[in-house]
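Predicted, not measured: the structure shown is a model, and the values here were computed from it. Below, read A as the first sequence line, B as the second, and so on, with proteins coming before strands; counting in each chain starts at 1.
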Amino acid sequence: MAKTLVVVESPAKAKTIEKYLGPDFAVRASFGHIRDLPKSDLGVDVDEGFTVTYEVPDDSKKHVAELKKAHKVSEELVLATDYDREGEAIAFHVATLLGVDPERAKRVTFTEITRDAILEAFAHPREIDLRLFDAQEARRVLDRLVGYKISPILWRRVRPGLSAGRVQSVAVRLIVEREREIRAFVPVEYWSVDVRLAPDGDEHAFLARLTQIPEGRLAASPDKKGIVLATEAETGTHAERLRRASYRVTKVERKERKRSPAPPFTTSTLQQEAARKLGFGARKTMSIAQRLYEGVDLPGEGTVGLITYMRTDSVNLAESALREIAGFIRTEYPSGYSLAEPRRYRTRARNAQEAHEAIRPTSVLRHPGRVGGALDRDQLRLYTLIWQRTVASQMAEARFNQVGVDIEASVDGLTYGLRATGQTLLFDGFIRVYREGRDEGPDEDAEARLPELEAEQLLRMLDVLPEQHFTQPPPRYTEASLVKTLEERGIGRPSTYASIISTIQDRGYVRLQDKRFFPEDVAEVVTDKLVEHFPDIVNVNFTAEMEEDLDEIAEGEMGRVQVLREFYDPFHEALERAEEKFERYVEELDEECPRCIEEGRTP
DNA sequence: CAGTGAGCGAGCTTCCGCTTGACTT
């Protein structure tokens, strides 16, 4: 009975690790955080070194009881929670609640759930990083202070039940500001001219775009450098001349263009791509991914987890996975499709903690076609997406033949310039398996064929096609583009993207209509007030700056109390000013009071 | 006397991030 109790965060992970560690270990899950600030009280003494009161939330009580029970019958405790700031804090709290001194507790971390990685990690236990824990606690306290100090002002001055927070208030602000850009947007008219040309007969006709008029170079659109054809009349003058002009090829440029596959999925990119390709909302994507992670019953194999952990900001793949994928590609595809060396990606998201791998199939040998029978339609569609993206990320680049042709048109002693571009696929590479979807804008990989042309060749004009355009306002955010923007700014975490989207709707700040976010009036009022009274906190850079401070705590360059004090003193002053100056907002109701009408009053 | 309405006080709402079920929209 000389068992060691190992605590991880997720029960699915517990099962896998227990299998790797063997019978001397009992692995149990904490189910995330098990201790938190009280819900109905600030729980922070701002005058006494930001002392924190913790309690075990009701939902965690049974998990704590389970851990205590398992701890009683084991000799040793190993904390194997996630390798990030929150995981370090969970480790600290588990140790504390089990009566183990956090300074002496054994801590083990890994970023891949593979047998080798686990055994290696357990061979080199360390201690809990108390500075990292301090950083987490500072983060928690700061979020509590922001949320629980500002929200009540909104209840009193705007509407009961409203909320403000480091993350949600910035999300709402982005949506409000985008709406204002759209409102203020004035479309600008501009014209393009395409000329249909052919080397000889009509069958090889192609389009060339007017790029140069006698007065100078044209702009591709009004926001770019160059001359803009702003009116139909002006465009018509050039079109009329182009109809009479003679055309000659001046230059043919051929080059090869390569395209690399997108990196494996993170939570954010999975949510974006599932929205683009499958039309799933963030919440739906996450719950389906959770099912795939927890495992499905496969005939002959029992319950198997099909994908790695779905809440991650890392694009890394485990070495063992890279080997398996490379082997799979070598056997399933012709030789040109595999890579000599694995392709490695770098995380571009700010604030990434990379405690896990990228989201990938636990084995690419479980082809979607093989596991399809055990999955429902949506599960299979999401699994297929993950499988394809992962395999494609380790396949050869696609190669395109790109041709650019410059054409000169002469008329009345004037010279015009046109350009035609063509692109053909030389080698499909990773595109054979998977291509990333697009939000807006043209398809860069679309094929456009040009006939064989050479310099000095004369061309026949078949048609001149002027076309009217208007500049477009920026698009309203979708769930996917909002998540993308938040991630790029380092705001929010993989475990919270879906709930941020819910919160800002539940509070009545924004609504989704045709999959686009529209702000309600209350969002505009609250955003303006927050920008007026708490400009630092609703700044999109606030989180990034906070992260720098937290890093300094973790590095031992600053203390938790010092960071919180430097935040809180000016914040406290802003709160007092707001308490005084934040004028009450009286909502105008759209609908009339039913009783007033009944009783013959005007409200 | 019964019903109505004004006035008052008490109690509630809220953050972010880590995990799953338990649900009843």
Nearest-Å distance, CD (E137(A)) to P (dC16(B))? 18 Å
If you compare all heavy atoms of Y383(A) against all heavy atoms of L306(A), which two are closest, and at what distance to 0.1 Å? CE1-O, 3.7 Å
Could you tell me how far apart L154(A) (CG) and dC15(B) (P) are, to the nearest whole angstrom? 11 Å
Taking T81(A) for its side chain and V8(A) for its backbone only, find out whether a donor-acceptor pair lies under 3.5 Å. no
Side chain to side chain contact (heavy atoms under 4.5 Å, CB included) with R126(A): which residues, sequence neighbours excluded? Y83(A), E88(A), R107(A), T109(A), D129(A)
Quick one: which residue pairs count as a ring pair (Phe, Tyr, Trp, His ring centres under 6.0 Å) with a foot in residues 279-299 of chain A, not counting sequence neighbours? Y293(A)-Y309(A)
Using a 3.5 Å limit on both pairing distances, list the dot-bracket string of DNA chain B from the 5' end; Watson-Crick and G-U wobble pairs count, crossing pairs take [ ], interstrand pairs take |. .........................
So side-chain hydrogen bond (donor to acceptor under 3.5 Å, both in side chains) across residues 547-559 of chain A, not counting sequence neighbours, yields R85(A)-E547(A)
Has E524(A) got a side-chain atom pairing as donor or acceptor with D521(A)'s backbone, closer than 3.5 angstrom? no
D45(A): side chain to side chain contact (heavy atoms under 4.5 Å, CB included) partners, not counting sequence neighbours: D47(A), E48(A), T51(A)
Check if the side chain of R140(A) and the base of dC15(B) share a donor-acceptor pair of N or O atoms closer than 3.5 Å. yes
Decide, yes or no, whether a salt bridge links E520(A) with R511(A) under the criterion of side-chain N to carboxylate O below 4.0 Å. yes
Contacting residues from residues 563-582 of chain A, given that a heavy atom lies under 4.0 angstrom of DNA chain B: none
Would you give me the side-chain donor-acceptor pairs under 3.5 Å for residues 55-69 of chain A, sequence neighbours excluded?
{"unit_1": "D58(A)", "atom_1": "OD1", "unit_2": "K61(A)", "atom_2": "NZ", "d": "2.8"}
{"unit_1": "S60(A)", "atom_1": "OG", "unit_2": "H33(A)", "atom_2": "O", "d": "3.4"}

Table of protein N/O atoms under 3.5 Å from nucleotides 18-20 of chain B N/O atoms:
{"unit_1": "dC18(B)", "atom_1": "OP2", "unit_2": "S495(A)", "atom_2": "OG", "d": "2.6"}
{"unit_1": "dC18(B)", "atom_1": "O5'", "unit_2": "S495(A)", "atom_2": "OG", "d": "3.4"}
{"unit_1": "dC18(B)", "atom_1": "O3'", "unit_2": "E9(A)", "atom_2": "OE1", "d": "3.2"}
{"unit_1": "dC18(B)", "atom_1": "O2", "unit_2": "H33(A)", "atom_2": "N", "d": "2.6"}
{"unit_1": "dT19(B)", "atom_1": "OP1", "unit_2": "D82(A)", "atom_2": "OD2", "d": "3.2"}
{"unit_1": "dT19(B)", "atom_1": "OP1", "unit_2": "Y309(A)", "atom_2": "OH", "d": "2.5"}
{"unit_1": "dT19(B)", "atom_1": "OP2", "unit_2": "Y309(A)", "atom_2": "OH", "d": "2.9"}
{"unit_1": "dT19(B)", "atom_1": "OP2", "unit_2": "R311(A)", "atom_2": "NE", "d": "2.9"}
{"unit_1": "dT19(B)", "atom_1": "O5'", "unit_2": "Y309(A)", "atom_2": "OH", "d": "3.4"}
{"unit_1": "dT19(B)", "atom_1": "O4'", "unit_2": "G32(A)", "atom_2": "N", "d": "3.3"}
{"unit_1": "dT20(B)", "atom_1": "OP1", "unit_2": "S10(A)", "atom_2": "OG", "d": "2.5"}
{"unit_1": "dT20(B)", "atom_1": "OP2", "unit_2": "Q290(A)", "atom_2": "NE2", "d": "3.0"}
{"unit_1": "dT20(B)", "atom_1": "OP2", "unit_2": "R311(A)", "atom_2": "NH2", "d": "2.6"}

Mind calculating the distance between CD1 (I500(A)) and C1' (dG17(B)) to the nearest angstrom? 10 Å
Per the ring pair (Phe, Tyr, Trp, His ring centres under 6.0 Å) rule, what does the pair list look like for residues 6-25 of chain A, sequence neighbours excluded? F25(A)-F122(A)
Between the protein and nucleotides 7-14 of chain B, which nitrogen or oxygen pairs are less than 3.5 angstrom apart?
{"unit_1": "dT13(B)", "atom_1": "O2", "unit_2": "G161(A)", "atom_2": "N", "d": "2.9"}

How would you list all residue pairs meeting ring pair (Phe, Tyr, Trp, His ring centres under 6.0 Å) that involve residues 92-118 of chain A, not counting sequence neighbours? Y54(A)-H93(A), F92(A)-F133(A), H93(A)-F133(A)
Test item: Q271(A) and S268(A) side chains (from C-beta on) under 4.5 Å apart, heavy atoms: no
5' priority, DNA chain B, between D59(A) and D36(A) [closest heavy atom]: D36(A)
Let me know the distance between CZ of F542(A) and P of dC16(B), rounded to the nearest Å. 12 Å
Does any pair with a residue in residues 531-543 of chain A pass side-chain hydrogen bond (donor to acceptor under 3.5 Å, both in side chains), and if so which ones, sequence neighbours excluded? R166(A)-T543(A)
Mind checking V146(A) for me? I need base, sugar-phosphate or nothing, with any heavy atom below 4.0 Å counting as a touch. nothing
